[in-house]
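Here is the structure we will look at.
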There are 2 protein chains.
Amino acid sequence: MQSLYTHTKAAPDAGGTKERIQQVALELFVLHGYEKTSLREIADRLGITKAALYYHYASKQELLKSVTQPLIDEFETMVHADPPPEELLRSYIDLLYRHRAVFQLVANDHSSLAAAELVERSVQLRRDVVRQLAGPDPRPADYVRAAAAFGAISQGFMVARRAEPAADPALPDLEAAAEAAAGLPGPADYPDGAELARILLDAALAVLHSGTGSRGVPGA
Amino acid sequence: MQSLYTHTKAAPDAGGTKERIQQVALELFVLHGYEKTSLREIADRLGITKAALYYHYASKQELLKSVTQPLIDEFETMVHADPPPEELLRSYIDLLYRHRAVFQLVANDHSSLAAAELVERSVQLRRDVVRQLAGPDPRPADYVRAAAAFGAISQGFMVARRAEPAADPALPDLEAAAEAAAGLPGPADYPDGAELARILLDAALAVLHSGTGSRGVPGA
DNA sequence: GTCTATAGGTTGATAGAC
DNA sequence: GTCTATCAACCTATAGAC
């Protein structure tokens with residue numbers, strides 16, 4: 001579960017056209033949103049034409065789906081394994097890191113989730129996560145705290161994400177976009193990935209326990 | 001600061017055409033996103049034509065701006081008053097409640113923020129909020145915790161928002177949208193506004209203090 | 001204050017040559 | 001696999017009648 005810096009993905013520059021299309025598309029989708037990104041824009045950036053895109057992907061929607069699928073699939077697998085709260089939180093942080101670009105897309109661009117026909121699945125997933133975090137026999141307030149803990153990680157991660165030591169070479173412009181979106185002091189001032197994960201985990205656990213009399217949190 | 005249930009806005013049904021346009025536009029913007037909502041759709045829902053809309057608003061963008069302005073203006077005023085962290089958190093929760101529909105729009109629809117030319121201001125605001133929450137002489141980790149606390153409230157609120165005793169009559173369909181977006185047990189199971197505010201405040205404070213040795217939080 | 005009609009532009013997608 | 005050429009659909013916005 002310490003894969004915070006070990007990409008299991010294929011080689012970064014496996015220059016297949018389909019993969020290059022996915023990379024550029026993801027980049028532009030994050031930058032301008034799915035709806036506002038035209039196929040012409042993607043094609044121009046790749047030095048090909050729109051028609052060529054259609055040779056590889058039957059539609060704009062299918063291209064989007066191919067980009068978002070890995071994140072949602074893995075998220076689903078993770079949640080359905082039904083791990084205890086703390087392990088779930090750890091796995092989630094790790095998941096966010098490995099799929100950070102796609103996460104930035106679906107978290108910020110409502111329309112992309114809808115276009116990928118992922119609204120239902122993601123709603124169901126969030127519901128399951130909140131249920132698991134709320135613990136057994138939860139009171140209403142426990143649901144709220146579970147949602148807040150989930151949000152603390154998601155938002156905290158997104159804002160501090162620039163802390164990474166090196167930008168993924170496959171996603172050059174994303175770092176600039178993240179910088180604009182985050183708007184905080186320079187990257188050098190931030191904790192590295194491992195420390196970031198620990199901070200976010202502690203924060204989320206603090207939220208979960210913020211309703212109990214003893215607010216102490218066992219050191220993770 | 002306890003105005004969680006006291007709307008200071010004008011009468012809910014001040015049926016001026018401009019206001020009715022704003023209400024319907026907000027509703028549809030939240031539901032389908034800014035870009036995907038056409039002026040024809042708004043006009044049809046109001047029983048008028050697109051051209052009539054242009055009599056009241058010079059452009060689609062200006063209509064959007066008129067809808068988002070109150071939230072961002074008030075947020076800015078609040079942050080620039082430079083209150084201490086706990087008061088800032090309280091004010092923020094209250095702000096979210098009073099402008100919940102607009103918040104749902106700008107928080108979920110990346111393109112609406114951009115179209116309203118609010119990206120820079122909101123980035124600056126988040127930066128200021130995080131700075132204030134991080135406290136004096138902050139370490140890098142304090143920034144992350146500040147961002148996580150901010151996120152805990154925002155996300156926690158959005159998920160649990162359905163707890164309101166009665167839906168704003170001006171926004172009938174929003175509740176259905178929120179229900180779909182939240183995907184949690186029935187509204188009746190949720191704390192009311194006052195308790196929700198307390199839970200979220202406690203959660204955010206717990207995050208802020210999750211890095212200190214003594215993790216106790218003074219009862220709010 | 002609202003209407004009809006239309007200008008002017010962009011988009012996603014297809015057909016067929018090479 | 002990539003190209004040129006083209007289509008229908010949709011959009012924002014404007015002009016001018018009532």
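Order of the sequence lines fixes the chain letters, A, B, ..., with proteins taken first and strands second; residue numbering starts at 1 for each chain. Model, not experiment: these values are computed from the prediction.
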Handout entry: Spacing of B:Leu53 atom CG relative to C:dT4 atom C1', expressed in whole Å
Key = 15 Å
Exercise for the section: Compute both the distance and the angle, then confirm whether B:Arg100 meets the cation-pi test with B:Phe103: under 6.0 Å from the six-membered ring centre, within 45 degrees of the axis. Expected result: no
Practice task
List in chain and number order the residues that pass salt bridge (charged side-chain N to carboxylate O under 4.0 Å, His left out) with B:Lys65, two or more places apart in sequence or in another chain; answer none if no residue qualifies.
Solution key: B:Glu117
Problem - Integer-rounded Å distance: C:dT4 P and B:Tyr55 OH - result: 18 Å
Problem - Side-chain donor-acceptor pair present, A:Gln124, A:Asp128, cut-off under 3.5 Å - result: yes
Exercise for the section: Tell me, please, which residues at least two apart from A:Glu76 pass side-chain hydrogen bond (donor to acceptor under 3.5 Å, both in side chains). Expected result: A:Arg121
Handout entry: Atom-to-atom span, CD1 of B:Ile48 to P of C:dG1 - whole angstrom
Key = 11 Å
Exercise for the section: With sequence neighbours excluded, tell me which residues meet salt bridge (charged side-chain N to carboxylate O under 4.0 Å, His left out) with B:Glu74. Expected result: B:Arg98
Practice task
Would you list the pairs meeting salt bridge (charged side-chain N to carboxylate O under 4.0 Å, His left out) in which at least one residue belongs to residues 52-61 of chain A, sequence neighbours left out?
Solution key: none
Handout entry: Spacing between B:Tyr57 atom OH and D:dT12 atom P, to the nearest angstrom
Key = 16 Å
Exercise for the section: Could you list all the salt bridge (charged side-chain N to carboxylate O under 4.0 Å, His left out) pairs where at least one residue sits in residues 48-58 of chain A, not counting sequence neighbours? Expected result: none
Practice task
With sequence neighbours excluded, tell me which residues meet side-chain hydrogen bond (donor to acceptor under 3.5 Å, both in side chains) with A:Ser111.
Solution key: A:Asp109
Problem - Proximal nucleotide (of D:dT2, D:dC3, C:dT2) relative to the A:Thr49 side chain - result: D:dC3
Exercise for the section: Give the rounded distance in Å between these two atoms: CG of B:Leu63 and C1' of D:dT12. Expected result: 13 Å
Problem - Inter- and intrachain pairs under ring-ring contact (aromatic ring centres under 6.0 Å, His included), touching residues 47-75 of chain B, at least two apart - result: B:Phe75-B:Tyr92
Completion exercise
Base-pair string, DNA chain D, Watson-Crick plus G-U, cut-off 3.5 Å on both distances, | for inter-strand, is ||||||||||||||||||
Exercise for the section: Starting at atom CG of A:Asp44, determine the distance to atom P of D:dT4, rounded to an integer number of angstrom. Expected result: 11 Å
Problem - Summary of protein contacts for nucleotides 12-17 of chain C, nucleotide by nucleotide, where a base hit scores B, a sugar-phosphate-only hit scores S (4.0 Å, heavy atoms) - result: BBBB--
Exercise for the section: Starting from C1' on D:dA13, measure out to NE2 on B:His56 and report it in whole angstrom. Expected result: 16 Å
